[in-house]
Every structure is written in structure tokens, then in C-alpha cells.
Amino acid sequence: MSNDVTWLTYFVLSVFVGIEVIAKVSSTLHTPLMSGANAIHGIILLGAILVAGDADGFALVVALVAIVLAAINMVGGFVVTDRMLQMFTRKPAAKRPVEGGGA
Amino acid sequence: MSNDVTWLTYFVLSVFVGIEVIAKVSSTLHTPLMSGANAIHGIILLGAILVAGDADGFALVVALVAIVLAAINMVGGFVVTDRMLQMFTRKPAAKRPVEGGGA
Amino acid sequence: MPTWAEVVFLVCAVGFILALKGLSGPRTARTGNLVGAGAAVVACVVPFFYADLDNVALILVAIAVGTVIGAVGAQRVQMTQMPQMVALFNGVGGGAAALVALLELEHFADAAAVGVDVDAAYLVATAFTILVGAVSFSGSVITFAKLQDLMTSRPVVFPGLPFAFGGAFLAGLVVSGVVVDEPVMWAGIVLAVLGLALGVLLVLPVGGADVPIVISLLNAFTGLTVAAGGYVLQNTVLLVAGTLVGASGTFLTLLMARAMGRSVSNILFGALKGGSTLGAGEASDRPVRSAGPDDVAILLGYAEKVIVVPGYGLAVAQAQHTLRELVEVLLARGTEVDYAIHPVAGRMPGHMNVLLAEAQVPYEQLKEMDDINGEFRQTDVVLVVGANDVVNPAARTTPSAPIYGMPILDVDQARQVVFLKRSMRPGFAGIENELLFEPTTTLLFGDAKDTLGKLLAATKAL
Amino acid sequence: MPTWAEVVFLVCAVGFILALKGLSGPRTARTGNLVGAGAAVVACVVPFFYADLDNVALILVAIAVGTVIGAVGAQRVQMTQMPQMVALFNGVGGGAAALVALLELEHFADAAAVGVDVDAAYLVATAFTILVGAVSFSGSVITFAKLQDLMTSRPVVFPGLPFAFGGAFLAGLVVSGVVVDEPVMWAGIVLAVLGLALGVLLVLPVGGADVPIVISLLNAFTGLTVAAGGYVLQNTVLLVAGTLVGASGTFLTLLMARAMGRSVSNILFGALKGGSTLGAGEASDRPVRSAGPDDVAILLGYAEKVIVVPGYGLAVAQAQHTLRELVEVLLARGTEVDYAIHPVAGRMPGHMNVLLAEAQVPYEQLKEMDDINGEFRQTDVVLVVGANDVVNPAARTTPSAPIYGMPILDVDQARQVVFLKRSMRPGFAGIENELLFEPTTTLLFGDAKDTLGKLLAATKAL
Ligand SMILES: NC(=O)c1ccc[n+]([C@@H]2O[C@H](COP(=O)([O-])OP(=O)(O)OC[C@H]3O[C@@H](n4cnc5c(N)ncnc54)[C@H](OP(=O)(O)O)[C@@H]3O)[C@@H](O)[C@H]2O)c1
Ligand SMILES: NC(=O)c1ccc[n+]([C@@H]2O[C@H](COP(=O)([O-])OP(=O)(O)OC[C@H]3O[C@@H](n4cnc5c(N)ncnc54)[C@H](OP(=O)(O)O)[C@@H]3O)[C@@H](O)[C@H]2O)c1
């Protein structure tokens, strides 16, 4: 089948997956979810690597800048999300040596 | 990209869509949903039409049988689902000229 | 294929996605079904415009014949026979997919004969469609026979069954291998025959009451065969629609089984392992308190709040109309009456909703389990009509019971419970119900239609 | 591309789907994030094995530099500065996408120069990525500046702003048309500059408190640019991942806006229409009942059940640790204490959960709005620390109020309410809170850190 329709099909199916998969998220997780999605689009790093591998001169410089930016997005995004989520899931560690009891 | 991977991609994405889209169904709707999904696979009618349009002799007879079966599946499936669902959504018509009041 | 046709097919695929989405919400279900039907019609019209089809007249006649049979059958069937009708429609769909795949195999065989190299992936998909389509066909037919009482609805097990099943399964794999190695027609036909045998062997040991789950499973199977057929024909809409049904059908099967507190493997193979999938039907002889219709009528007459729990026996007795009349008389007397609907009361999910809606019970009187469970404590009389497992406290108290862990209606918390049933025999799960022996419980023996009729007369006379 | 690489990319795409799915459930969120990270790493390693890459050493250095900056930045940032950090990461991602698209445009320009016919669809996607990637970059930078207090967080509006925005937008369309008509570098660069301008103009009029919504929107934008980039590079994983983020990000933006009772267009363009998106800050001079820390400590000392409602002011005052200590003292005295967490208390969704978790408040003490709302009726004292809108009954009673319809914490049903705030000024929504003037309400004026410290001392001394 024609190439463009293939890509359109991927796009359409992914739109449904993207929406349905997060449809049940509770508002508490809005911020970490946003942050995690933010990290995922850091995958543009892959695109930047591909163009950098095929560039020279000024274009190479631009491509390397793109790589740096994309890597910041990707790595920083996943790390910051993990840090946020650590705060949410500290249930077992919640037993601290303080006098406060459970409610 | 290679043809088979394209189809694999469609398949994988559709699996996610199929599962996520019905993940929240209430048990009351299990039966109509099953019936509706049943009607959807009646789309094999399209496949039967395509092969019948290209067949002759005994193969044509087989293809026509396939068309009849598929059409039964598709048409019967959607009609029977609609009949079931009519029962679920008769709220406005629920006002009947009997003495019973609302609970 | 022209690009416009590809785009239309993609739109149809989206239509099917929206249909499933719609079908899973109560408010959108009917629209969803219509959207699906629209997408299906459009998709089937498209090839007449782009493909250079021969035999158009014959094709149209065949479509017309199938349409009439399907539509008339679907219109005529009674609500209580819905499950077997769905099974039948599913079966013919599976059969159609198998036939289409056989015809494709013929093409591949022709191509291979003139030396063309056929992609092995296509042959795998073709073999899969033939085998599983045939399973779906014959399995659905047996399912139909069980539900329509054309044969016993009890599990049918004979000594060599597991071996016959295993043997046919292995043979199916081997012959599939033959087909993939070299596309030849005889192998395809053998594969179809093996599939038919497998379908029969798969469904025979399943008890009548578990059949809805099996229908759902076979439905998912058919979806996957349609997807495989779509791959062979290189048609997106077939692939996407089939996969959607395959995936959602599998998931739905699991949801249904979970709602009944069963596992799918237990349903399919439970009878083989000796654990029956149908109640043993042993009656107990411990003492109980039974009463006549007049006594129960007085009980109801004094009650301020009554909850009716309908179950499988109501459907068997076809007593839903009489029940509705009784409730209307009580409501007219100023009694507060609701129906408590357990999700798996009856023999298919949503059975009670359908049955009572058909009997014109207003939707607002039907309360779902979670909404009404808190109210039993303030209820004077609970009228359990042909239900048993769904009110059996063993689900909470007896870890060894087959229904242990299934959520139940908390009927035992009400002040009085009246059971309408024919005998002391247990329900589907085949276990005794301690509630029958409680001091607050009264039994009114007899066929539900009969006893409800008497109860109605006695209540009117109060 | 070899088939194995395609399959690995597909697996990575599935990884991103599972990541999003995981991230949307509290128990699976962290695993989901790790799965996403794993998929991203694998996807980025793949091209080194199949593509014939030049400049490998330079590429690896660049990756290392970016990794270090990102990881260190993410580790160092304080919890309260999370939103601006996310904004920054999003911005650089958008910038990277725009740069990649510019380089692709150069390829297309070279190809066109030697007479190759470039598919218009690719050029549309390229222009889209350049323009929207630049919007995302500059918009995120302004967002960062607002949240980091590098500029005013109030809406910035100047008379010609709508025209400037509209003009830049039209120019963007025209220049995109030029690019599609003939791929030339100067047009791409103009497009990038226009995108930068548009991003600035889009975010300037948004009030500081609405910024999280805008970050989410820009996040979805970046996702779409990555998807478009994936199409241009004919890379599935980029397309699927970008589309996932674009779709879920758009949906999430709507969910967030709904949780705040706002519409997205109101957030973006409200300030232009004159309706301010930030509270006016008018103080009322009607009489209220205020008290000192000692009085409030006595109130708390006699209470059996206390609920703490934290809000934006707690974050501003950085008083979460002091608050936790106060609650621990009360708990040690045998008082029942819970925190009631409103979903949009603070300035980003989940703000309070993060803040209190960071202060080591045990998770079980944090109660969600729907779970605790029934309990206020039996509560002796509610301690409202720097919250206002989320307890304002106007959301229920005043249809004209900007927060009308937003679900609130039913603090007004408690026996006593104590507000800790600095003045009579309203909160984010800029409307007065009638609850402040109720006879059951006591005000304890002052910076929350300060007053909580005094309250802690007074309670310990009881
Ligand atoms: N809904 C589903 O999707 C589904 C599917 C498959 C299986 N199941 C299973 O089916 C069960 C449903 O529970 P349930 O409480 O509805 O039914 P049940 O536990 O099977 O009990 C039905 C009761 O109705 C009585 N009965 C039968 N015919 C009657 C008649 N003509 N008049 C009066 N009483 C009659 C039977 O007792 P007598 O023989 O003494 O009259 C029996 O006690 C559950 O175990 C569920 O897991 C449900
Ligand atoms: N969570 C989100 O995602 C999000 C995002 C954007 C907007 N919003 C909006 O933000 C609002 C959140 O409501 P909220 O009740 O948390 O906050 P709020 O209504 O904005 O009220 C905050 C209160 O804290 C007080 N305050 C400020 N600094 C203080 C300090 N240092 N010490 C003590 N008190 C201080 C302020 O009064 P004084 O000035 O008198 O001290 C003010 O009354 C909602 O309207 C929501 O829609 C939320």
C-alpha cells in the first residue's frame, strides 16, 4: 500500500492509543505524567543522531547542538520524573523514627 | 520500510487500541459488547467479496458461500446487537400507563 | 489499490474503533453499534468501485441472501435466545474466514506450481485462518446446540477426550507445517477438517452455563482469523478490525470470567480434570422453614422496604412478567421496592437487565450490586426469585467454595429473606447455600412462574 | 534499514506505550517511567549498529554533554521548581526537533537543486516541525522565566499584541507555503524566527498560575513536531512516540484545565479579552475574627479530630516541614489528624502531594478530596494553611464566580475553621471568600512559616 497512507495509519492508531492509555489517570499524577511524556519526546535524540551521522561543516555543528539539546530533554526528563515519583511511592519507607502514628 | 514490519506494526497498535478502548466497560454491557464485536468481524465479507470477484468454477461457488455466511454474520450481528441495546436504553419510554411508580 | 480506497478503508477502521469505544459505555452503546454498521457497509461497498470484480451479479445476490437470513434471524430471535444466536453468527463468520483462506491457499498453490516463491509469512497466516476459522465454526455450532437444547447442556466427557484433543492439535500443527513448506490444497482441506474436530472437542466438555464465556473466546478467535485473512489479502481494514475484535474479545473473555469468579482454563478444561463445571445438584435434607404463598403475601404486605433479587431460575421459569406485576402491586400499596441486579445473575452477563427490561420494568428500579449492597440492612423482606449463588455467603466465608471471592449481594443482612425455588438443589456452582437454613429465611417451593402467580393473587387480595 | 532494526524500533514504540500506561496508575508509575527510559536508550543505540554513521566520536561527546547537563540539572532542582524544569526540558526538545527539521530542509534543498522532485507531504511536515518546534522552544523559555521569577508572572499584555500574534501566524503560514513550493534555506530560517516570536507572544499574556497548563500544551506541541520529524526521517519509533505524546499531552491538557474549572482558550487568551487570568488581589475591610497563636493552639489542643488543608501559601512560605512537625505533635497527643488534598491546591496538579511527601509526611495521612469530604461534618477544627480558592463555597453558590462549578473541600461544614494567611487578600481566582467572615472562622495572620512555628511552640507548651 502507498507509503503515505501507511504513515497516516500509524499516526491515527497512535492517536487512539495515546488518548486511551492515559484516559483513567488521577489528577494526582497529572504532573508526573506530563513530565514522563515530556521525557518520551526526547527520543528526537534518535533523529538528531541520524542527521548528525550524515552531516559535515556547519550542518554538523547544528546537528551536534540538536543532539545536546535532545539528550538534555531525554535524560533530564526521565530523571526528574523518577524523582517526582519517588515522592509518591514512599509508602514502605514512610515508617520513620518519629512519634507520629498513622491516621 | 519492509512490508511485513508494517503489518506487524498495525497489528501491535491495534491490539493496544482494542484492549484500552473497552477496558472500562461495565459488566452489564458485556453481552452487547461481545455481540457488537462479533458483528465487526463480519467484515470478512469484504474479503469474501474480493476473492469472489476473482474466482470461477468451484472456487466461485465456495466464495459465494463465504459471502452468504459473512453477510449473515455482519448483518445479523449488528441487528441483534441493536435489539439488545434497545432494551437497555428505553429510559424515556419507561413511562408506561400502569399504576407502578418510580422506586 | 488507489489511494482514495486506502484512505476510505482507514476511515472505516477508525469507525470500528469508535464503535467499540461507544459499545463500552451505556449511553453511547447504541450509537457505537450504528457507527460500526456504517463503517462495515462503506468498507464492503468500496471494492465495487476500485477493484475490477468479476461475477458482480452473483456476488450481489449472495450478499442479499446473507443479509436477509441474518436480518430476519436477528429480528425473530427471542431475547432469551440471544446467546445462541450470537454464537451462530460468530460461527458463520469463522467459517467464512476459513473458506476465504482456502481460496487464497488455492491461489498460492497455483503460484507455487508455476514456480513463484510464496512468502512463508503469508502461508503461516493462511494455515492459521483455515485451522482456527474451522475451530470457531464447529465450536460455535456445538455451543448453539447446547444452548438451544439440541443436546445436553452438561459437560460431555469421554475417556480418550484429552488424547483426541491433543492428537488433533498436534496433527493441526504438523499439517500447518506442510502448508507452509509447500502450499497444496489437500493439506488445506485436512487442516479444515482437523479444525472442525478440534472445535467440537474443545466445546464438548464445557458445561451449559459456562458457554457464554466460550462464545466470547471463539469470538476473539474469529477476530484473529479475520486479522490474519486481512494480512494475506493485504487489506488494512480487515487486519485492524480483526485485531481489534481479537484483542478486545480476549480481554472481554477474561473480564467475564473474572466477574464470575472463574478462570478461563478452569472453564475450558475443568470438566477434564474432574472438577465439574456444572453444579452437582445434590439436595440437602437439613430442616428449613417453608411457607405458602399466603404467608409470604402477608410478609410482603407488612414490609416497608422490599428488594427483589432475580436469578437464573426466573429466566428458566419465564416469570419476569409476573414478577413485574407483583412489584407494581406492591409499589401501588406504597411499599418501596427495588430490583438488585448481580452482574452475573443468570447465564450471561447482563442477563437480568435484558430480561427485566424486556418485561418493561422501568430502568430506575434496577439497582446494580454496588449501589444497593448498603441497603439490605434496612430492608424488611428480600424476595430471591430463582437465584442462589449470587446471594450465597459462602463466597465470603468458605475459602474452599468454587465461588469464594466472588462479590455477592449481601442479602443475609436483611430482616427477612424469602427464597422462591423448586427444591433444595443448589445453583450453578453446585454448593449448598447456608442462607437457606437461617432462621430469618423462608422458602416458597415451586416453579417461579407458578408461585409468583399465586403470590400476586394473594397480595392483591390483602 | 535492516529488518531487525525495524523490529527493535517497534519494540521500543511498544515500550513507550507501556510507559504511558504505567505512568497513569499510581502503583505502576515509577516502573512505567523506567520502561520508557529503557526504550529510549535502546532506540538511540540502534542506529550505531545499522546506520553507516559518520562523526561517531563527536556524536558520543555531544550525547555525553547533554546527558550530564540533563541528569545534573534534574538531580539538583528543588521539588518546588519542578514545573520550570519540565518546561525547560520540553523547550530544548522542541528546539532539537526544529534543528533536525532545518537540517532535513537543507537536504531537500540540495536535492531540489539537482532537479529531484521532493514529495510535498515531506515539506509540509518539515515546515510544521520548524515552526512549531520553535514555538515550543521560545514559549517554554518564557514559561521558565515566569516561574523562576526572572520576569513578572502576571499576564503581560500590550495593545498591539493580538495583531502581532495574528500577523506572525499568517506570516508563518505564508512562509510555510514558500517552503512547500520550493525547499529553500532562507525560508526555513525565517520560519524558525517566526516560530520563536509566536512562542513568546503566545505565553506572555498567560498568568503565572496558569503556566502549568501551558507547559502541558507546549509539551503536546513538541510531541507532534517529533512525530512530524519521524515522518520526514521515515522512522517509526519517532512517529509513534511523538504521536503518543502529542495525543496524550493534548488530552492531559484538557483534563488539567477541567480539574481547575477553566477552559484552555480562556487560559491562553483570557487576558487579551480583558478577563484577567490572575487574581486581582483586592482586600476587603469587612470585620473578621482573628486570634493569636496561643488561642489557636488551645483550640487544637481540645480538638479530637483535626483536618489540615494545605494550599499555595504553604508552598510559598516553604512551611511544609514546620507543618509536619505540628501535626506530629498533635498525633502524639492522641488527636486524629489528616491532610485533605485538593487536586489543584497549589500551582501545579499534585503540588501538595509532592510538597508534603518531600517533607516526609506519611502517605496514609494524605486524603484525596472525594475520600475526605464526608468527614468535615465530624471535624472539630480545620486548619487551612495558605489555601483559599479550594475551600471557597462560592464554587457551589455563586454562578458568576470564576471558580463556579469547581469541586471544593467542604470545609464550611466543620465546627471550627482556622485560616493561616498573611492578609485579607484573595487567592488565585481573585474573589472574596465568604468563609473568612463566618462566625465559626478564626484568622491567624502572618507568613505561614512564621505562624506555624509559633503555633508549634504554643502547642508543645500546652
Ligand atoms: N451471568 C453470567 O454471565 C453467567 C454465565 C455463566 C455462569 N454463571 C453462573 O451462574 C450463576 C448465577 O447465579 P444465580 O443465582 O442467578 O443462579 P444459580 O445460582 O444457578 O441458581 C439458580 C436457582 O434457580 C432455581 N430455579 C431453577 N429453575 C427454577 C424455576 N423454574 N423456578 C424457580 N426456581 C428455579 C434453582 O433451584 P431449584 O433447582 O431448586 O429450583 C437454583 O437454585 C453464578 O454461579 C454464575 O457464576 C453466570
Ligand atoms: N494545582 C494546579 O494545577 C493549579 C494550576 C494553576 C492554577 N491553580 C489555581 O490555584 C488555586 C489553588 O488554590 P489554593 O487554595 O491552593 O490557593 P489560592 O486560592 O491561590 O490561595 C492561596 C492563599 O495563600 C495565602 N498565602 C500566600 N502566601 C502565603 C504565605 N507566605 N503565608 C501564608 N499564607 C500565604 C494567600 O493569602 P495572603 O496573600 O493573604 O497571604 C492566599 O489566600 C486554584 O484557584 C486553582 O485553580 C492551580
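Lettering of chains follows the sequences in order, A, B, ..., and the numbering in each one begins at 1.
With a threshold of 4.5 angstrom between heavy atoms, C/A29 approaches chain B through its backbone and through its side chain. Of the atoms belonging to C/F48, it is side-chain heavy atoms, and not backbone ones, that fall under 4.5 Å from chain B. Heavy-atom distances place the side chain of C/F9, and not its backbone, under 4.5 Å from chain B. The contact between C/A40 and chain B is made by backbone and side chain atoms together, counting heavy-atom distances below 4.5 Å. Only the backbone of C/D52 comes within contact range of chain B, with heavy atoms under 4.5 Å apart. With a 4.5 Å cut-off on non-hydrogen atoms, C/Q75 touches chain B through its backbone and its side chain both. In this structure, chain C has a heavy atom under 4.5 Å from the side chain of B/M74, while its backbone stays farther away. Both the backbone and the side chain of C/I59 come within contact range of chain B, each with at least one heavy atom under 4.5 Å from a heavy atom of that chain. Only the side chain of C/L103 comes within contact range of chain B, with heavy atoms under 4.5 Å apart. Proximity to chain B (any heavy atom under 4.5 Å) is restricted, for C/N55, to the side chain, taken from C-beta onward. Residue B/L13: no heavy atom, backbone or side chain, is found under 4.5 Å from chain C. Of the atoms belonging to B/V51, it is side-chain heavy atoms, and not backbone ones, that fall under 4.5 Å from chain C. Only the backbone of C/R76 comes within contact range of chain B, with heavy atoms under 4.5 Å apart. Heavy atoms of C/L88 lying under 4.5 Å from chain B are absent altogether. The contact between C/L58 and chain B is made by backbone and side chain atoms together, counting heavy-atom distances below 4.5 Å. For B/A39, no part lies near chain C; criterion is any non-hydrogen pair under 4.5 Å.
The choice from B/D56, B/I44, B/D54, B/V79 that makes the most heavy-atom pairs within less than 4.5 Å of chain C is B/I44. Ranked by heavy-atom pairs under 4.5 Å with chain B, the list C/A71, C/A37, C/A19 is led by C/A37. Contact tally against chain B (heavy-atom pairs below 4.5 Å) for C/V56, C/N90, C/I69: the top residue is C/N90. Chosen from C/A62, C/P83, C/A43, C/G246, the residue pairing most often with chain B at heavy-atom distances under 4.5 Å is C/A62. Of all the listed residues (C/G66, C/A98, C/G70, C/A241), the one sharing the greatest number of non-hydrogen pairs under 4.5 Å with chain B is C/G66. By number of non-hydrogen pairs under 4.5 angstrom with chain B, the leading residue of C/I215, C/N235, C/V65 is C/N235. Put simply, of C/V240, C/T335, C/V327, the one with the most heavy-atom pairs under 4.5 Å next to chain B is C/V240. Ranking B/A23, B/A66, B/G77, B/A70 against chain C, the residue ahead of the rest is B/A66, based on heavy-atom pairs under 4.5 Å.
Summarising the geometry of C/V226 relative to B/H41, their closest heavy-atom pair is CG2-O, 3.6 Å, with the distance given to 0.1 Å. The two atoms that bring B/L29 and C/G25 nearest to each other are CD1-C, 3.5 Å, heavy atoms only. Residue C/M256 comes nearest to C/P212 through the heavy atom pair SD-O, 4.4 Å, listed as atom of the first residue, atom of the second, then distance. Closest non-hydrogen pair, B/L46 versus C/P47, comes out as CD1-CG, 3.5 Å. Here the closest non-hydrogen pair linking C/T129 and C/G229 is OG1-N, 3.7 Å.
Between the side chain of C/S24 and the main chain of B/V21, a donor-acceptor pair closer than 3.5 Å is present. Side-chain N or O atoms of C/S136 include none that pairs as donor or acceptor with a backbone N or O of C/G133 at under 3.5 Å. At least one donor-acceptor pair closer than 3.5 Å links the side chain of B/R83 to the backbone N or O of C/A74.
In this structure, C/Y231 and C/Y122 have tilted ring planes: the angle between them lies in the 30° to 60° band.
Between B/T81 and C/L23 there is a side-chain heavy-atom pair separated by less than 4.5 Å. When side chains are defined from C-beta on, C/L244 counts as touching C/I17, because their heavy atoms get closer than 4.5 Å.
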Go through the steps to decide whether C/R30 and C/N33 satisfy the test side-chain contact (heavy atoms from CB on, under 4.5 Å), and finish with yes or no. CA-CA 5 Å; C/R30 228 179 139 188; C/N33 188 50; 5.6 Å; no
Go through it in stages, so that I can follow the logic: the residues are C/D119 and B/D4, the test is side-chain contact (heavy atoms from CB on, under 4.5 Å), and I'd like the CA-CA distance, side-chain angles, deciding distance and then a yes or no. CA-CA 10 Å; C/D119 188 344; B/D4 279 355; 3.5 Å; yes
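Summarising the local packing, CZ of B/F11 is surrounded by 12 or fewer heavy atoms from other residues, nucleotides or ligands at distances under 6.0 Å.
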